[in-house]
Engineer: 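What follows is a structure written as structure tokens; I'll ask about it next.
Quick caveat, the model's predicted, so the values are computed rather than measured.
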Amino acid sequence: MSAQQRRLEEQMRKMGYQPAKKSQFQLKPVQIGRQLKTLPDIPITQRLEVSPQGAQKLQNIISTYRASNANIRITCKRTSIQRMSIKDQIKNYVKYQSSIQLDGLDALRNLIKNGDSLSLEINKSQNIEFFVGSLSDGHGEFGSQISSLITEFYIEELKKLFTSVPLLQLSLTLKDNLKKIYQQIEQRLIGQTLIDYRLSGASLLSLIIVNNIIYCSNLGDSKAAYFYKSDQLNDNPKEIRKFVQKNLNSIHDTNSGKEVDRIIKKGGKIDQAVFKGQKEGSLKIWVPKQNYPGIKITRCFGNQIGKSIGISADPDFLELKIPKSGYLLMASTGLWEKLDILVIDKILDSNYPPESWADVDKATKQLGNETKKFWDVDGQGSVDISLSLVYISLEK
């Protein structure tokens, strides 16, 4: 012991501190077949926050070390390590689900067959159940075939992801993995030769629910929103809304200034269609001095000609922790363009909380029928409409 250490020890004794004694016990190494690096157990603190900058380092730790506690799960959103029982916490909170697809009518009252691809599934992997909902809306001559094809590709790749990626890494890497899946879908569509995708394409809106988290990825003009009751909302007599609404994605069309700027910078033209010498209808995308592609959507799979003037296949991603039990509504643009939000509130409120699947199915049909009324009010027909309604119950 050095002179400085002795003086420090004497000063501590005068202040009433006793030096620590060495333990009489000695730790002996455990003989195992191979050497393992072990993460230290998390102390009494329930949650350890990690900055976003440390996310990559955390992923390296996950792949290098084994967890000392089987109940450690790493979750996304400000990347955190949280102690929890996987068996108790990873649940499927989707209680009821229903969907409907309605055909459209042209101005001459001819049937327009619904060409959307709508899928709702509850899958199981690594002993957890997860919900997957997807909606693909095709456009162009071969839009229906493309929407079916990319939905098939998407479900196939997603199942591979949930099977191959360890549970600890899943939530950390889900955003990047979903972007990779969207890129793979675009490449597979380009690689196939059976469908002409030069002026045809499709959007894809995807919802994944794992435990009490909704992961939404979107490419196109379909939309999803979560509706739930709030005590503050119900206590305000002047409030006309029945639900708090959380939109889960941006809409990629010519109503977005950001999207329009990209199209124009890439050489595209934004203008209305010309009918009998008069401009009418919504703003659409055109190749300069040409009458194609003439679509409103600014992001999609396929549409090779549209890609040359700024149409993109890059998806948006959003994550929402479900605040309370409520309804998840996913629908094509035909519903959101025409149906007033107060009408949606009224229909959901009249079937809330649902006592059975029949209540959710009733609300779904009411939403579809009311949308058709708003479209056909002037006798000019209606577009095809696809929608799904899911009730999520957080109650035990």
Engineer: What residues form a salt bridge (Lys or Arg N to Asp or Glu O under 4.0 Å) with Lys346, not counting sequence neighbours?
Structural biologist: none
Engineer: Side chain of Trp357, backbone of Ser98: donor and acceptor closer than 3.5 Å?
Structural biologist: no
Engineer: Begin from the C-alpha positions of Thr163 and Lys160 and carry the test side-chain contact (heavy atoms from CB on, under 4.5 Å) through to its verdict.
Structural biologist: CA-CA 5 Å; Thr163 302; Lys160 289 180 183 177; 5.8 Å; no
Engineer: Any side-chain heavy-atom pair from Lys296 and Asn255 closer than 4.5 angstrom?
Structural biologist: yes
Engineer: List, by chain and number, the other hydrophobic cluster members for Ile263, where Ile, Leu, Val, Met, Phe, Trp and Tyr join if side-chain heavy atoms come within less than 4.5 Å, directly or indirectly.
Structural biologist: Leu199, Val260, Ile264, Ile270, Leu283, Ile285, Val287, Tyr292, Ile295, Ile297, Ile305, Ile309, Ile311
Engineer: Does Leu348 form a side-chain contact (heavy atoms from CB on, under 4.5 Å) with Leu329? I'd like the steps, not just the answer.
Structural biologist: CA-CA 10 Å; Leu348 297 182; Leu329 175 61; 5.6 Å; no
Engineer: Given side-chain contact (heavy atoms from CB on, under 4.5 Å), test Asn177 with Leu170 step by step and report yes or no.
Structural biologist: CA-CA 9 Å; Asn177 281 319; Leu170 193 58; 5.5 Å; no
Engineer: Given side chains that start at C-beta, do those of Lys265 and Arg262 come closer than 4.5 Å, heavy atoms only?
Structural biologist: no
Engineer: For Leu108, is there any backbone N or O sitting under 3.5 Å from a side-chain donor or acceptor partner on Asp106?
Structural biologist: yes
Engineer: Would the distance check show the side chain of Thr298 and the main-chain N or O of His252 forming a donor-acceptor pair, the cut-off being under 3.5 Å?
Structural biologist: yes
Engineer: Can you tell me if Lys324 has over 12 outside heavy atoms packed within less than 6.0 Å of its NZ?
Structural biologist: yes
Engineer: Heavy-atom distance under 4.5 Å between the side chains of Leu318 and Asn218, does that happen here?
Structural biologist: no
Engineer: Minimum heavy-atom separation for Ser147 and Ser117, please, with both atom names.
Structural biologist: O-CB, 3.6 Å
Engineer: Side chains of Ser386 and Asp137: donor-acceptor distance under 3.5 Å anywhere?
Structural biologist: no
Engineer: Show the nearest heavy-atom pair for residues Ser393 and Ser325, with the distance to one decimal.
Structural biologist: CA-OG, 3.5 Å
Engineer: Report the distance from atom OG1 of Thr333 to atom NZ of Lys338, rounding to the nearest 0.5 Å.
Structural biologist: 10.5 Å
Engineer: Verify side-chain contact (heavy atoms from CB on, under 4.5 Å) between Lys321 and Asn212, making sure each step is shown before the conclusion.
Structural biologist: CA-CA 6 Å; Lys321 183 176 181 180; Asn212 63 338; 3.4 Å; yes
Engineer: Looking at Leu339, is its backbone amide N or carbonyl O close enough to the side chain of Thr371 to form a donor-acceptor pair, meaning the two atoms are under 3.5 Å apart?
Structural biologist: no
Engineer: Is the backbone N or O of Ser206 less than 3.5 Å from a side-chain atom of Ser134, with the two atoms forming a donor-acceptor pair by type?
Structural biologist: no
Engineer: Can you confirm whether Ser350 sits close enough to Gln366 that some side-chain heavy atom of one is under 4.5 Å from a side-chain heavy atom of the other?
Structural biologist: yes
Engineer: Tell me, please, which residues at least two apart from Asp349 pass side chain to side chain donor-acceptor pair (under 3.5 Å).
Structural biologist: Lys229
Engineer: Is Leu394 reachable from Leu328 through a run of hydrophobic residues whose side-chain heavy atoms are each under 4.5 Å from the next?
Structural biologist: yes
Engineer: Okay, side chain of Gln192, backbone of Leu189: is any donor-acceptor separation there less than 3.5 Å?
Structural biologist: yes
Engineer: For a 4.5 angstrom cut-off between non-hydrogen side-chain atoms, does Leu158 reach Ile208?
Structural biologist: yes
Engineer: Quick one: list whatever passes ring pair (Phe, Tyr, Trp, His ring centres under 6.0 Å) with Tyr352, sequence neighbours left out.
Structural biologist: Phe243
Engineer: For residues 269-279, pull every pair meeting side chain to side chain donor-acceptor pair (under 3.5 Å), keeping only residues two or more places apart or in separate chains.
Structural biologist: Asp271-Lys279
Engineer: Could you name each residue pair satisfying side chain to side chain donor-acceptor pair (under 3.5 Å) that touches residues 301-313, not counting sequence neighbours?
Structural biologist: His139-Asn303, Glu186-Lys307, Ser312-Asp314
Engineer: Are any of the side-chain heavy atoms of Lys175 and Lys179 separated by less than 4.5 Å?
Structural biologist: yes
Engineer: Is any side-chain heavy atom of Asp316 closer than 4.5 Å to one of Asn249?
Structural biologist: no
Engineer: Starting from Trp286 and following side-chain heavy-atom contacts under 4.5 Å between hydrophobic residues (I, L, V, M, F, W, Y), which residues can be reached?
Structural biologist: none
Engineer: For the OG1 atom of Thr364 and the CD1 atom of Ile100, what is their distance to the nearest 0.5 Å?
Structural biologist: 7.5 Å
Engineer: At what distance, to the nearest 0.5 angstrom, does CZ of Phe301 lie from CG of Leu204?
Structural biologist: 5.0 Å
Engineer: Are the side chain of Asn114 and the backbone N or O of Leu102 linked by a donor-acceptor pair below 3.5 Å?
Structural biologist: yes
Engineer: Nearest heavy-atom pair of Ile122 and Asn92: which atoms, and what distance?
Structural biologist: CD1-ND2, 3.5 Å
Engineer: Do you know which two heavy atoms are closest between Trp336 and Lys223, and how far apart they sit?
Structural biologist: NE1-O, 3.1 Å
Engineer: Treating Ile, Leu, Val, Met, Phe, Trp and Tyr as nodes and any side-chain heavy-atom pair under 4.5 angstrom as an edge, say whether Ile341 and Leu335 lie in one connected cluster.
Structural biologist: yes
Engineer: Judged by atom type as modelled, is there a donor-acceptor pair below 3.5 Å linking the side chain of Tyr96 to the main-chain atoms of Asp359?
Structural biologist: no
Engineer: Please answer: with hydrophobic residues joined when any side-chain heavy atoms are less than 4.5 Å apart, are Leu205 and Leu248 in the same cluster?
Structural biologist: yes
Engineer: Under 4.5 Å between side-chain heavy atoms, hopping through other hydrophobics if needed: is there a path connecting Ile251 to Phe374?
Structural biologist: no
Engineer: What I'd like to find out is whether the side chain of Leu135 reaches to under 4.5 Å of the side chain of Ser332, using heavy atoms alone.
Structural biologist: yes
Engineer: Rounded at 0.5 Å granularity, tell me how far CG in Asp340 sits from CD1 in Ile344.
Structural biologist: 8.0 Å
Engineer: Using atom types as modelled and distance alone, determine if a side-chain donor or acceptor of Asp196 lies under 3.5 Å from a backbone N or O of Phe142.
Structural biologist: no
Engineer: For the residue pair Tyr93 and Phe131, is the inter-centroid distance of their aromatic rings smaller than 6.0 Å?
Structural biologist: no
Engineer: Within the supplied structure, the quantity of interest is the number of heavy atoms (other residues, nucleotides, ligands) at a distance under 6.0 Å from Glu355 CD; does it exceed 12?
Structural biologist: no
Engineer: Got a second to check how far Asn123's CG is from Ile128's CD1, nearest 0.5 Å?
Structural biologist: 10.5 Å
Engineer: With sequence neighbours left out, write down each residue that passes salt bridge (Lys or Arg N to Asp or Glu O under 4.0 Å) with Lys159, or none if nothing qualifies.
Structural biologist: Glu121
Engineer: Specify the closest pair of heavy atoms between Gly115 and Asp384, including all atoms of both residues, with the distance to one decimal.
Structural biologist: N-OD2, 3.2 Å
Engineer: Test of understanding: with ring pair (Phe, Tyr, Trp, His ring centres under 6.0 Å), list the residues that count as partners of Phe130, not counting sequence neighbours.
Structural biologist: Phe162
Engineer: Tell me, please, which residues at least two apart from Tyr154 pass ring pair (Phe, Tyr, Trp, His ring centres under 6.0 Å).
Structural biologist: none
Engineer: Flag the pair Asp361 and Lys365 as a salt bridge only when some basic side-chain nitrogen lies within less than 4.0 angstrom of an acidic carboxylate oxygen.
Structural biologist: yes
Engineer: Judged by atom type as modelled, is there a donor-acceptor pair below 3.5 Å linking the side chain of Asp116 to the main-chain atoms of Leu118?
Structural biologist: no
Engineer: Which heavy atom of Ser136 sits nearest to which heavy atom of Ser203, and what is that distance?
Structural biologist: OG-O, 2.7 Å
Engineer: Go through the structure and list residues passing salt bridge (Lys or Arg N to Asp or Glu O under 4.0 Å) with Asp345, not counting sequence neighbours.
Structural biologist: Arg241
Engineer: Consider only side-chain heavy atoms of I, L, V, M, F, W and Y, link residues closer than 4.5 Å, and tell whether Tyr197 and Tyr182 are in one cluster.
Structural biologist: yes
Engineer: Could you work out, with ring pair (Phe, Tyr, Trp, His ring centres under 6.0 Å) as the rule, every residue matching Tyr327, not counting sequence neighbours?
Structural biologist: Tyr391
